[in-house]
Visitor: 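Handing you this structure, nothing more for now.
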Protein chains: 2
Amino acid sequence: MAKYKKNERQEILLERINEDPFLTDEKLAEIFNVSIQTIRLDRLELSIPELRARIKNVATEEVDKIKSLSLQEVTGEIIDIELNSQALSLFIIEEGHVFEKNEIARGHFIFAQANSLCVAVINEPLALTKSADIEFKRQAKLHDKVISKAVVNDMDNNNASITVESKVDGRLIFKGQFEMYYSNEGDNNG
Amino acid sequence: MAKYKKNERQEILLERINEDPFLTDEKLAEIFNVSIQTIRLDRLELSIPELRARIKNVATEEVDKIKSLSLQEVTGEIIDIELNSQALSLFIIEEGHVFEKNEIARGHFIFAQANSLCVAVINEPLALTKSADIEFKRQAKLHDKVISKAVVNDMDNNNASITVESKVDGRLIFKGQFEMYYSNEGDNNG
DNA sequence: ACTGATTTTAGTACCAACTACTAAATGAGG
DNA sequence: CCTCATTTAGTAGTTGGTACTAAAATCAGT
């Protein structure tokens, strides 16, 4: 139970609280075998907020994450659109979109961006994907900015044919040919 | 500022706290134009925990949600697998997977299930989707149980050809032909 | 209008987990 | 031994409550 020096203790304290933000000063005092006051002094010096504030931070952060996830109804941000003609979207690959081990984007997000764009470019209340021919040309990695471009080739008889190309740094990573069904009845998309 | 009756107030209280768990009794008292004691009585009757407990729940629960999201590396639960041959997975359509307005599953989740299954069935450290031909036969709706079956047609020269069929209640909703690249180097999938 | 029950307020004591502050005790180095 | 840094102790005050008692207000039925 050798006590740490101030420096050491504060370093480890930071780590510990990072690992588990739910530790009270009391427990931390036990862990480091010092008084509560010392822990409080440490937190003050390191400007680590108190337990409740930490918990609240965790809670609000996670709430934000959930919100941003439900925003993913349309994957990617539409940056230019000419209805029934063509559209452009940007999708930034974040932690949630990649495989942990190799940081390669999961294919379905790339697909989702393209698919969402197809739905968006069609100016009708109902738009469903009927079929698609897709090709993954190269991998997208964490933090890549994927630009997707959809071009409507033709639209008639409630069917639209759309070509999508997705690029990272100008290099093609994905290409897809989408056949969509649309209708002015119904209320939404798919 | 007509005051609600007890029943009404408690119903709305529940909703309010569900929407925003960060409301103190004090603020709730203001909102409903009643005393703090009344709010506390209400919470007691409805067994709604106090603010701090609520926040803590959000913090811990949402951490779990994030974890379950990373579990979605494989979308759907694999229920049977014969490596390099065939596999079966179940994917239950939940709130997060559908368009709010019409409760139709977003296509990319259906695609993701199929794609993940292809990755899983290949018993190699690296498996990437090269291309796919897919067809959405009919819509999947909220709470549907989608059963996906992948059959490996052939594997050679680091390329696998896989057919996937997804069904709800025995009816085909999705069919896809996947061409995968695999390798025993690298460490993961895509 | 009166009564009895229901609902709402008020008020007190207590709790956890603190902050902010003062002050005393303990170390460690020169 | 003296001194400065570090640690500990202790007090008062805060937030957002619980648990409890009791009074006041409101409502419902006769």
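Numbered from 1 within each chain, the chains take letters A, B, ... in sequence-line order.
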Visitor: In whole angstrom, what separates A/K56's NZ from D/dG17's C1'?
Guide: 14 Å

Visitor: Side-chain contact test, heavy atoms from C-beta onward, threshold under 4.5 Å: evaluate it for A/V152 versus A/Q86 and give yes or no.
Guide: no

Visitor: Roughly, in whole Å, what's the span from CD in B/E30 to C1' in D/dG16?
Guide: 14 Å

Visitor: CG of B/L41 versus P of D/dC20: gap in Å, rounded?
Guide: 13 Å

Visitor: Whole-Å distance between D/dA5 C1' and A/K5 NZ?
Guide: 13 Å

Visitor: Roughly, in whole Å, what's the span from CG in A/D42 to P in D/dA5?
Guide: 17 Å

Visitor: Check whether any side-chain nitrogen or oxygen of B/T38 sits under 4.0 Å from OP1 or OP2 of C/dT8, and answer yes or no.
Guide: no

Visitor: Whole angstroms only, please: what is the CD-C1' distance between A/E45 and D/dA5?
Guide: 11 Å

Visitor: Are A/L142 and A/F109 co-members of a hydrophobic cluster defined by side-chain heavy atoms under 4.5 Å apart?
Guide: yes

Visitor: Scan for ring-ring contact (aromatic ring centres under 6.0 Å, His included) pairs involving residues 126-147 of chain B, sequence neighbours excluded, and state none if there are none.
Guide: B/F136-B/F174

Visitor: Listing time: all N or O pairs from protein to nucleotides 2-4 of chain D that are below 3.5 Å?
Guide:
none

Visitor: Checking the side chain of A/D154 only, and the main-chain atoms of A/S161 only, is there a donor and an acceptor separated by less than 3.5 Å?
Guide: no

Visitor: Using atom CG of B/N57 as one end and atom P of D/dG17 as the other, report the distance to the nearest whole Å.
Guide: 14 Å

Visitor: Indicate, with a heavy-atom threshold strictly under 4.0 Å, whether A/I36 touches base, sugar-phosphate, or nothing.
Guide: nothing

Visitor: Within this structure, what is the NZ-to-P distance between B/K27 and D/dG17, rounded to whole angstrom?
Guide: 11 Å

Visitor: What are the residues of residues 6-19 of chain A, sorted by number, that bring a heavy atom to within less than 4.0 Å of DNA chain C?
Guide: none

Visitor: Restricting to salt bridge (charged side-chain N to carboxylate O under 4.0 Å, His left out), what partner residues turn up for A/D144, sequence neighbours left out?
Guide: none

Visitor: At their closest point, which heavy atom of A/N123 faces which heavy atom of A/N84, and how far apart are they?
Guide: N-OD1, 2.9 Å

Visitor: Give a yes or no answer on whether the side chain of B/R54 reaches the backbone of B/F22 with a donor-acceptor pair at less than 3.5 Å.
Guide: no

Visitor: If I take atom OG1 from residue B/T129 and atom NE2 from residue A/H108, how far apart are they, to the nearest 0.5 angstrom?
Guide: 11.0 Å

Visitor: How does protein reach along nucleotides 13-30 of chain C, written 5' to 3' as B (base within reach of a heavy atom under 4.0 Å), S (only sugar-phosphate), or - (no contact)?
Guide: ---BBBB-----------

Visitor: Quick one: closest heavy-atom pair of B/N153 and B/I162, and the distance?
Guide: ND2-C, 4.0 Å

Visitor: Could I get the full list of salt bridge (charged side-chain N to carboxylate O under 4.0 Å, His left out) partners for A/K167, not counting sequence neighbours?
Guide: none

Visitor: Without swapping roles, check the side chain of A/R138 against the backbone of A/V168 for a donor-acceptor pair under 3.5 Å.
Guide: no

